[in-house]
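All remarks here apply to the structure that follows.
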Amino acid sequence: MSLATTYSPTDVEAKWYQRWQEQGFFKASANPKKTPYTVVIPPPNVTGVLHMGHMLNNTIQDVLVRRARMQGKEACWVPGTDHASIATEAKVVALLKEQGIEKRDLTREQFLTHAFEWKEKYGGIILDQLKQLGASCDWDRTRFTMEPDLTEAVLRVFVDLYKKGLIYRGVRMVNWDPESRTAISDEEVIAKDVQAKMYYLRYEIVAPGAENSEFRTQNLEPRAENSELGAVDELNQGSKLSALGSKFLTVATSRPETIMADVAVAVNPNDPRYAHLAGATVRIPLLGREIPVIFDEYVSTDFGTGALKVTPAHDLNDYELGVKHNLPVIDILADDGTLNEKAVLYVGQDRFAARKQIAKDLQEAGLLEKVEEYASIVQTSERTKAVIEPKLSLQWFLKMEHLARPALEVVENDTVRLHPPKFKNMYRAWMENVRDWCISRQLWWGQQIPAYYLPDGSFVVALTAEAALAEARVQSANPNLQLSDLRQDEDVLDTWFSSWLWPISVFDGFKDPDNADINYFYPTNDLVTGPDILFFWVARMIMAGLEYRREVPFKEVYLTGIVRDSLGRKMSKQLGNSPDPLDLIAQYGADGVRTGMLFSAPAGNDLLFDVKLVEQGRNFSNKLWNAFRLVKGWEVDAALPFANEKPVAWFNARLQAAIAELDDHFEKFRMSDALMTVYKLVWDDFCALYLEMVKPAYQHPIDAETLRHTTAYLETLLKLLHPFMPFITEELWHELAERAERDYVCVAPWPQATAPPDATRLLADMDRVLAVVAGIRTVRNQKNIGPNKPLALVAKTEDPALLARYEGIIRKLGGISELTFAEAGTAASVSFVLGGSEFFIPLEGHIDLAAERVRLEKELEYAQGFRESVQKKLGNEKFAQNAKPDVLERERQKLADAEARIAALEQAIKAL
RNA sequence: GGGAGGUUAGCUCAGUUGGUUUAGAGCGCUUGCUUCACACGCAAGAGGUCGAAGGUUCGAAUCCUUUACUUCCCA
């Protein structure tokens, strides 16, 4: 045989991917004669390269899409990328810096030119990588969130939502990322536990109406020189405190560097410790500025000292307190996280450097009472990991309430189903507590907000500058207003403000809301993505879909797990525990990698990736390859009669049952189980059993009828496997037979399960026959008898006809040379009992009578115990009354089986 | 701190409306095997008192209560 004993994927994969594309199999167009099946890809970042998460996600999508295509649906998988404003801008800025170009020296247009150049050069990498995985996307439909049409869609939506009063502009406390120097949305903030420090600061009390500044410093004792700053120290001495207590108010804070932005100290009005401070002011340590003591029940008496410094510019709660008490706002932080001139002290220092320095200075000034360890939480940027600053800033927001209500409704009533359903709870919690979405970003890479400011500071919102001008002329009642008088908002929109339109915008549903594609392909069917972007993206797509199409964007959402390493750790560059997907494909083949990923990917569970899984996938490819080699190598002798009626009928029954099971798994999005069903069908049923039953002896020909059935089965298996392993199945499809021009397994019809009328009996009979075979093989193993040594089998059974019908199979798989029926076995035999039947294998010289007796008696004892427990149950009156008839019947059957088995065992023991 | 999951064989997971000395799968493990498609293989086998305690029931991995551990979401 010329075919290699191991399958080599690399030779095969590129070839077939190219052929599929040449044939246009992945192209989809509105076709009223077919049912549409649509998937939009979660657009990867244009800066991205393929990682293991993409592999899993896109493998699942491809499996679904390929199956739908074979089912005769008009399968449309739309690929594309998103512009990832923060990540891409950072990347381009860094690249320019390497070339000696600073962003601030460029105009917006110049920068965007650079950025688009970069995108053209590198932006398609990840899509090409998907092709190596086998992704059957309609590449002609590739979209990019910042291309002109999609940009227009974003702007149209912005204008529309503004006109509907859902978008507003205002000063709000936002999450400021000092590293990317932009506001980000609540969803882009990740809370992290940290071990922080709580600083207890002394604010000098200025008595009501009196100027007693002589207390300022002289009553302070110098701190011990060796007192380590940062350690929890012992300064909290009662005597000293009480002495100082009357002159100082101690305030606990984790952010001492923000005292320069303090505008008050707040205490609870019910706190007796501070009642005397009514009308008092205190001096900010080091700075000396006087600020009032205010009273508010918001302050909790048991946190810190019960006194709270109020810094409205840098804390949301403080801001609200400030508004309530009419306090000023002092913002001491610059956009990059350094202190600005309003801070007066530490100007130009980074906030963390300033914190260290001020702690030191406070300590030296005797104004730091103590420092405590403090388990705290910091908010960090999902994208840059920088610590977020709450910052008051003028931003654009989208009101969520109106959009969230219907979007929650459709998930609650299962119009959109989440898989696994446990995510419904999470979704509900988010939807019910959703806050307005900050959609403006202080960046250039993205869609510039279509708001245009008039010279008088008012603004208009319009799709184009020209439209804005027309509106501005009306609004200002100034017909002489010129384009040059208008200034467009500098900010761009959040990338998710593009992505949430994706299922509509990729079909041009905004530009042309009634076009054939959108009407046909929308709503899409399945969405496959990670739960980490359930809110970012999935929820918002549902909102946009309902708002703009009055229809949900997809019906089923499959949420994958996270790919982790075998120790359960997230894959990261730092740990270096993430394999390069392309290396894996090169080493094990795309089919091997795809199946490897799916083997351990139950829905919603994290996938603990182990290269062994991919090895298993490769081994499976190889198994299939060798099954093909065997069949391909058979010579036909047309004169031979059909010799394998039983195996052929049985395998058909198995096959049909497996197809039904497979379809059921797909229905329930149990991808891992679906794969396992085919895996076992191929490996166990087809290779280990069926092929072994029908294969002719070495160098003997096969009859034509058997070959015809076997080839047909193999073809069906290739179809069932194709969604999982597209490459090897296509290769074998064409190796197996000469194919017509467009006859590819890629577009072959998906097999329909049609169980033969006698399936139940066929399967049950074969189970009994295979149990006999297993019994024989166990004897061989126990007695160390190789498979080539022929054995005789004597059966004592109430159903000899069954064994007679399947004698050929028993002979072949069991290595049995002679099957006879008798009423008793011979003493020099090894016996085994199945149900009520006894089987004897005469083995002169291999028999240890005593050991045989012990073994059989052990089995007997077990069977008797079993019988007893069943009898006990059947004897229980309450059981007889309450149990359903079928349960009762099953128990009676068990009893009968047990009795037959006991009788057979007793016989066998007697025969010894 | 609030909420939602999970805890079943060494590992990763199934287990549908409670039905049993027999709770399944894949991988791994053990033993034997150059059986002429495949050692990326073949055959056989071992391995679990279903986190713990209590309860309901004729009967509980499955229902209820308490508890421990763990993951995630929100604050």
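Since the model is a prediction, treat every value here as computed from it, not as a measurement. Because only heavy atoms are used, hydrogens play no part in the values below, and waters and symmetry mates are left out as well, while side chains stay in. Here is how names work: the chains are called A, B, and so on, in the same order as the sequence lines, proteins then strands, and each is numbered from 1.
One can place CE of M725(A) at 12 Å from C1' of C40(B), the figure rounded to the nearest angstrom. Rounded to whole angstrom, the span from the CZ atom of R629(A) across to the C1' atom of G41(B) amounts to 12 Å. Following rounding to the nearest Å, K789(A) (NZ) and C33(B) (C1') show an atom-to-atom distance of 17 Å. Per the geometry, CZ belonging to F599(A) stands 16 Å off P belonging to A25(B), to the nearest Å. Summarising the geometry, the separation between CG on L418(A) and P on C73(B) is reported as 16 Å, rounded to the nearest angstrom. Between the CD atom of Q379(A) and the P atom of A75(B) there is a distance of 7 Å, rounded to whole Å. For R780(A) and U31(B), the CZ to C1' distance is 17 Å, given to the nearest whole Å.
If you check every strand for non-hydrogen atoms under 4.0 Å, A191(A) touches nothing. Using a 4.0 Å heavy-atom criterion, one finds that E861(A) contacts the bases of the nucleic acid, with or without backbone contacts as well. Among the protein residues, A627(A) comes within range of the nucleic acid bases, having at least one heavy atom under 4.0 Å from a base atom. In this structure, T6(A) reaches the bases: a heavy-atom distance under 4.0 Å links it to at least one base atom across the strands shown. R618(A) comes within contact range of at least one nucleobase, with a heavy-atom separation under 4.0 Å. Contacts of I377(A) with the nucleic acid, taken as non-hydrogen atoms under 4.0 Å apart, include base atoms. Note on E692(A): a base of the nucleic acid sits closer than 4.0 angstrom, heavy atoms only.
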Check: protein-nucleotides 3-6 of chain B nitrogen or oxygen pairs below 3.5 Å:
| unit_1 | atom_1 | unit_2 | atom_2 | d |
| --- | --- | --- | --- | --- |
| A4(B) | O3' | N425(A) | ND2 | 3.2 |
| A4(B) | O2' | N425(A) | ND2 | 3.2 |

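Applying the side chain to side chain donor-acceptor pair (under 3.5 Å) criterion to R901(A), with sequence neighbours excluded, gives E859(A). With sequence neighbours excluded, the residues that form a side chain to side chain donor-acceptor pair (under 3.5 Å) with D897(A) are Q893(A). When the side chain to side chain contact (heavy atoms under 4.5 Å, CB included) test is applied to R417(A), the partners found at least two apart in sequence or on another chain are D414(A), H419(A), E556(A). Under the side chain to side chain donor-acceptor pair (under 3.5 Å) criterion, R890(A) pairs with no residue at all, not counting sequence neighbours. By the side chain to side chain donor-acceptor pair (under 3.5 Å) test, R708(A) is found to be paired with E705(A), residues two or more places apart in sequence or in another chain being considered. Taking the side chain to side chain contact (heavy atoms under 4.5 Å, CB included) definition, one finds that E389(A) meets it with W176(A), P178(A), R255(A), L333(A), R351(A), sequence neighbours left out.
Taken together, the paired segments of RNA chain B that extend over three or more consecutive Watson-Crick or G-U pairs, each closer than 3.5 Å at both contacts, are B:1-7 with B:68-74, B:10-13 with B:24-27, B:29-33 with B:41-45, B:51-55 with B:63-67.
Separation of the P atoms belonging to C11(B) and U65(B) is 29 Å when rounded to the nearest angstrom. Spacing of C1' atoms, A60(B) relative to C50(B), comes out at 11 Å, to the nearest Å.
At a non-hydrogen distance threshold of 4.0 Å, F535(A) from residues 528-543 of chain A come into contact with RNA chain B. Residues from residues 673-686 of chain A lying near RNA chain B, meaning a heavy-atom separation below 4.0 Å, are M676(A), Y679(A), K680(A), W683(A) in numerical order.
The closest side-chain donor-acceptor pair between S621(A) and D591(A), if any, does not fall under 3.5 angstrom. Under 3.5 Å, the side chains of T706(A) and D703(A) contain a donor-acceptor pair of N or O atoms. Under 3.5 Å, the side chains of Y679(A) and Q616(A) contain a donor-acceptor pair of N or O atoms.
The side chain of N784(A) lies closest to G32(B), out of A37(B), G32(B), A44(B). When the nucleotides C40(B), C58(B), A43(B) are ranked by their closest atom to the side chain of F879(A), C58(B) comes out on top. Picking from A43(B), A37(B), G45(B) the nucleotide with the shortest atom distance to the side chain of T778(A) gives G45(B).
A donor and an acceptor atom sit less than 3.5 Å apart, one in the side chain of K623(A) and one in the base of C38(B).
A distance of 3.5 Å separates CD1 in I388(A) from CD1 in I184(A), rounded to the nearest 0.5 Å.
One finds no salt bridge joining K612(A) and E615(A) here, because no Lys/Arg side-chain nitrogen approaches an Asp/Glu carboxylate oxygen to under 4.0 Å. Under the 4.0 Å criterion applied to side-chain N and carboxylate O atoms, E188(A) and R383(A) are not assigned as salt-bridge partners.
The list of side-chain hydrogen bond (donor to acceptor under 3.5 Å, both in side chains) pairs with a residue in residues 528-543 of chain A, not counting sequence neighbours, reads E187(A)-R540(A). Applying the salt bridge (Lys or Arg N to Asp or Glu O under 4.0 Å) definition to pairs two or more places apart or across chains, those involving residues 685-700 of chain A are R654(A)-D685(A), E692(A)-K695(A).
Of the side-chain N and O atoms in R670(A), one or more sit less than 4.0 angstrom from OP1 or OP2 of G15(B). Residue R435(A) has a polar side-chain atom (N or O) positioned under 4.0 Å from OP1 or OP2 of A75(B).
Within the 4.5 Å cutoff, no side-chain heavy atoms of L689(A) are placed close to those of F651(A).
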